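Not measured: the values here are computed from a predicted model.
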Amino acid sequence: MYNQDVGHCIGLNAMKLWRFFAFMFFIVESYAATVNGISDKEILNFIKSQLSDWSDVAENSISSEFKLKKDKKTIKKILVSYGYFDAKVLTSLQNNNATFDITLNERYKFDEVLLTYVDQRNYRAGLKIKQVFDLIGIDYDTYTDTKQLSDGGDKIADFFKNKGFAFVKVFPPKVQCDKKTKKIKVTYEIELNGKVIIDKTVLNIKSKKDPKLLEPFVRNRISWTDGDVYDRQKIDDMKNDLMSSRIFSGISVSLSRPHKDAKDKSIVHTTLTIDMEEALLRDISAGLKYGTSEKFGILLSWTHYNVNGKGASLSATMDVSKHNRYISLKYDTPDFLYKKQQLSNQVFYKKEKEEAYDVFKSGAESMLWQTFGTKFHAGIGLCIEDSETYDKIKKEDVNFSAIGIPIGIKFDTTNEYLDPQQGIRCQAMLLPYMSAKNNITIFTGKASIYIPFRKNEFQNNIVLAIYSKYGTILKNKRYKTPRDKLFFAGGSGSVRGYGYQKLGDFSEINDKNKDVIKSDGKPLGGESLFEIGIEPRFRLSESLGVVAFVEGGNVFAKKMTNPLKKLMIGYGVGVRFFNAYAPIRIDIAFPTKIRKTKRGKKIDSVFNLYISVGQAF
């Protein structure tokens with residue numbers, strides 16, 4: 001029979017031949033799956049992603065019935081996870097189509113969350129009902145999402161680990177449904193396994209040099225002592241502090257098998273062991289940057305993170321661009337006199353060729369920083385500086401030799417330095433200069449906040465970044481201040497819509513028309529500075545993001561009275577390419593006002609392009 005069919009098919013067209021081979025290998029037209037009754041796209045897409053593959057199922061086969069039952073159970077399970085405990089699912093197989101008709105019925109809400117302690121019945125965590133809801137990340141009387149309950153178990157475990165219960169175990173939640181009220185009651189059973197006392201902390205350091213040299217450095221970053229209650233937050237702070245030093249490539253913490261206290265059965269004792277492995281201590285880096293007015297620049301640096309074996313670092317930096325030549329050598333000594341006290345010593349040479357001035361300067365600075373807690377730093381120091389400035393406005397040379405006493409504070413709760421996604425970053429510096437000819441005091445302050453709005457597998461995929469900057473020069477008038485000490489604004493790291501140092505007043509302004517500047521006009525700088533900016537950041541994938549920004553700012557000849565009235569506004573968009581080190585940013589920015597000279601030459605570019613590493617602020 002088959003031979004007759006083959007002989008007969010030789011003369012048939014291609015379609016008939018394809019149908020014959022489909023029959024030979026029992027291939028039939030594939031099924032499609034249809035889901036009806038769900039309007040919520042999130043739930044619908046999730047259900048479709050979990051359904052079986054119906055493309056290879058034969059009609060009226062055993063496998064089709066099996067998959068139909070399997071998918072029905074999967075759908076009901078997903079609907080329950082979203083709070084539809086009474087949902088009904090009807091199935092059918094017709095015309096090569098698997099259909100799932102769903103009736104959701106009323107969605108259940110959270111009503112009560114209880115914590116019970118299986119090994120310490122009388123223990124009370126002191127949490128009120130609202131605090132329990134907040135702890136696991138849900139709101140009272142909101143619709144049920146059992147994924148929140150699953151994640152809530154981890155959050156409960158973290159809460160108790162921070163209270164000393166290092167060996168706590170949280171069992172999967174038990175859910176009770178009330179069919180009448182359409183509310184659910186959730187119970188978490190918790191096995192505390194005793195509050196943990198750290199009897200001893202052991203350090204295991206793998207280092208090419210003598211590991212004992214690093215022990216004081218490590219122990220000064222441990223905030224607990226033998227006999228203290230276990231606190232995981234303190235351990236996390238210690239790990240973050242040590243990793244930020246770049247001395248270690250990995251840190252792990254382990255606890256020995258606990259043994260019960262002789263007097264109190266609710267207490268257990270353990271030994272905490274910290275294993276650390278030294279990283280590659282020498283680092284060489286190079287970077288390129290570009291700005292429409294700044295042109296290309298290059299940044300080179302070399303660092304040794306443990307040059308003396310005790311945690312001290314030595315670094316050399318060179319920054320070369322169209323306007324600047326900067327070279328510095330820096331030596332940082334940790335725990336100088338006290339715990340968490342750092343002495344930073346630096347020498348530098350700088351050459352600037354700007355529109356308003358040329359300057360050659362060299363100097364040295366010694367700054368003593370003290371850390372309070374983990375986020376706040378305060379410092380005071382001594383600096384000397386010698387500079388020769390040619391003022392292109394006044395056509396004169398100005399020599400400036402002075403001693404300064406810098407006083408600074410820093411506060412930083414952000415999660416990353418080059419790509420912050422949450423937290424606050426503030427810093428302020430007061431720098432009084434004392435010289436034979438002139439005394440000036442310069443104050444600068446900057447604050448930024450990063451607000452995450454949505455999270456996904458790419459961490460915070462929407463972040464709103466806001467910054468503001470303020471500066472003023474005290475105890476002096478502008479004509480007594482060397483021009484390179486005045487404030488200038490515009491360009492990368494400032495208001496990007498305007499070119500480098502293009503904000504503020506220019507020399508020889510035509511009083512009849514403030515928007516017209518004479519052809520030989522140069523930026524004057526000012527004794528006061530104000531900037532403000534907002535930038536929403538959108539993470540599209542693991543390696544790609546986009547931003548939009550609006551920024552305003554200006555420099556003022558004297559002390560500003562109402563800076564918002566004279567803001568120069570710029571706006572733009574940008575792309576971020578993410579990698580393991582830091583995002584590469586490309587921004588294009590536009591000014592809202594394009595000023596011109598008397599001869600009609602544009603002072604401001606139609607747009608400014610920037611390429612650099614790290615977020616703008």
Enclosure of L418 CG (heavy-atom neighbours >12, cutoff 6.0 Å)
yes

If you look at every heavy atom in Y498 and G570, which pair is closest and at what distance?
CE1-N, 4.2 Å

Keeping to residues at least two apart or across chains, list the ring-ring contact (aromatic ring centres under 6.0 Å, His included) pairs with something in residues 230-266.
H259-H269

Rounded to the nearest 0.5 Å, what separates atom CZ in R221 from atom OG1 in T371?
8.5 Å

Enclosure of K155 NZ (heavy-atom neighbours >12, cutoff 6.0 Å)
yes

Measure the CD1-OG distance between I449 and S468 for me, rounded to the nearest 0.5 Å.
12.0 Å

Do the side chain of Q421 and the main chain of I462 share a donor and acceptor less than 3.5 angstrom apart?
no

Which atom pair, heavy atoms only, marks the closest approach of C177 to Y108?
CB-CE2, 3.9 Å

So CG of L272 and CD1 of I222: to nearest 0.5 Å the spacing works out to 8.0 Å

More than 12 heavy atoms from other groups under 6.0 Å of NZ on K179:
yes

Short question: side chain of K340, backbone of G373 - any donor-acceptor pair under 3.5 Å?
yes

Of all the heavy-atom pairs spanning G227 and I197, show the shortest one and how long it is.
O-CG2, 3.6 Å

Apply salt bridge (Lys or Arg N to Asp or Glu O under 4.0 Å) to K161 and list each qualifying residue two or more places apart in sequence or on a separate chain.
none

Check the pair S448, Y450 against side-chain hydrogen bond (donor to acceptor under 3.5 Å, both in side chains), reporting the backbone distance first and the verdict last.
CA-CA 7 Å; S448 52; Y450 308 91; 3.1 Å; yes

Taking salt bridge (charged side-chain N to carboxylate O under 4.0 Å, His left out) as the cut-off, I'd like each qualifying pair that reaches into residues 574-589, sequence neighbours left out, listed once.
R496-D587, E535-R576, R576-D587, R585-D587

Given 3.5 Å as the limit, does a donor-acceptor pair link the side chain of N554 with the main chain of K566, or not?
yes

Do D111 and K185 sit within salt-bridge range, that is, some charged N less than 4.0 Å from a carboxylate O?
no

F578 to G545 - nearest heavy-atom pair and separation
CE1-N, 3.6 Å

Minimum side-chain heavy-atom gap L255-F167 below 4.5 Å:
yes

Sequence-distant partners of K174, salt bridge (Lys or Arg N to Asp or Glu O under 4.0 Å), two or more places apart:
E189

Residues in ring pair (Phe, Tyr, Trp, His ring centres under 6.0 Å) contact with Y470, at least two apart in sequence or another chain:
none

Dump the intermediate steps for side-chain hydrogen bond (donor to acceptor under 3.5 Å, both in side chains) on Y467 and E551, then the final yes or no.
CA-CA 9 Å; Y467 91 96; E551 297 163 336; 4.9 Å; no

What distance do I43 atom CD1 and I38 atom CD1 have between them, rounded to the nearest 0.5 Å?
6.5 Å

Surrounding NZ of K182 (heavy atoms of other residues, nucleotides or ligands, distance under 6.0 Å), is the total greater than 12?
yes

For residues V546 and L540, determine if any side-chain heavy atom of one lies less than 4.5 Å from a side-chain heavy atom of the other.
yes

Could you check whether any side-chain N or O of D119 sits under 3.5 Å from a backbone N or O of N193, counting only pairs where one atom can act as donor and the other as acceptor?
yes

Residues in ring pair (Phe, Tyr, Trp, His ring centres under 6.0 Å) with F538, at least two apart?
none

Please evaluate residues R425 and D412 with respect to the criterion salt bridge (charged side-chain N to carboxylate O under 4.0 Å, His left out), reporting the C-alpha separation (whole Å), side-chain torsions for both, the decisive distance (0.1 Å), and the verdict.
CA-CA 4 Å; R425 183 178 292 167; D412 194 343; 3.2 Å; yes

Roughly how far, to the nearest 0.5 Å, is CG of L464 from CZ of R537?
9.0 Å

Please name the pair of heavy atoms, one in R219 and one in T201, separated by the smallest distance, quoted to 0.1 Å.
NH2-O, 3.4 Å

Please answer whether the main-chain N or O of T225 pairs with a side-chain N or O of D228 as donor and acceptor at a distance below 3.5 Å.
yes

Using a 4.5 Å cut-off on heavy atoms from C-beta on, say whether the side chain of L242 contacts that of I247.
no

Holding to ring pair (Phe, Tyr, Trp, His ring centres under 6.0 Å), I want the full list of residues that pass it with F590, two or more places apart in sequence or in another chain.
Y571

By salt bridge (Lys or Arg N to Asp or Glu O under 4.0 Å), K289 pairs with (sequence neighbours left out) D319

Qualifying salt bridge (charged side-chain N to carboxylate O under 4.0 Å, His left out) pairs with a residue from residues 162-172, counting only residues at least two apart or across chains
none

Gap separating the CG atom of N608 from the CD1 atom of I588, nearest 0.5 angstrom:
9.0 Å

S249 side-chain N/O to E277 backbone N/O, donor-acceptor pair under 3.5 Å
yes

Can you name the closest pair of heavy atoms from F617 and G533 and give their distance?
CZ-O, 4.5 Å

Not counting sequence neighbours, list each pair that qualifies as a side chain to side chain donor-acceptor pair (under 3.5 Å) and has a residue in residues 37-51.
E42-Y82

Measure the shortest side-chain to side-chain distance between I190 and F165 over non-hydrogen atoms and say whether it is less than 4.5 angstrom.
no

Under the salt bridge (Lys or Arg N to Asp or Glu O under 4.0 Å) test, residues paired with D158 that sit two or more places apart:
R232

Could you go through T74 and D71, starting from their C-alpha distance and side-chain angles, then the distance that decides it, and tell me whether this counts as side-chain hydrogen bond (donor to acceptor under 3.5 Å, both in side chains)?
CA-CA 5 Å; T74 299; D71 283 352; 4.7 Å; no

Should the heavy atoms of other residues, nucleotides or ligands under 6.0 Å from CZ of F607 be counted, would the total exceed 12?
no

Under 3.5 Å donor-acceptor, T270 side chain and S256 backbone
yes

Does N240 use its side chain to pair, donor to acceptor, with the backbone of D236 at less than 3.5 Å?
yes

Output, in order, the C-alpha distance, side-chain angles, deciding distance and verdict of side-chain hydrogen bond (donor to acceptor under 3.5 Å, both in side chains) for Q176 and T187.
CA-CA 8 Å; Q176 294 177 294; T187 303; 4.7 Å; no

Between the side chain of T414 and the main-chain N/O of G423, is any donor-acceptor distance below 3.5 Å?
no

For F171, is the CZ atom crowded, meaning more than 12 foreign heavy atoms sit under 6.0 Å from it?
yes

Which class fits the ring pair Y117 and F160: parallel under 30°, tilted 30 to 60°, perpendicular over 60°?
perpendicular

Do side-chain atoms of T103 reach the backbone of K88 as a donor and acceptor pair under 3.5 angstrom?
no

List for me each residue that meets ring pair (Phe, Tyr, Trp, His ring centres under 6.0 Å) alongside F100, sequence neighbours excluded, and say none if there are none.
none

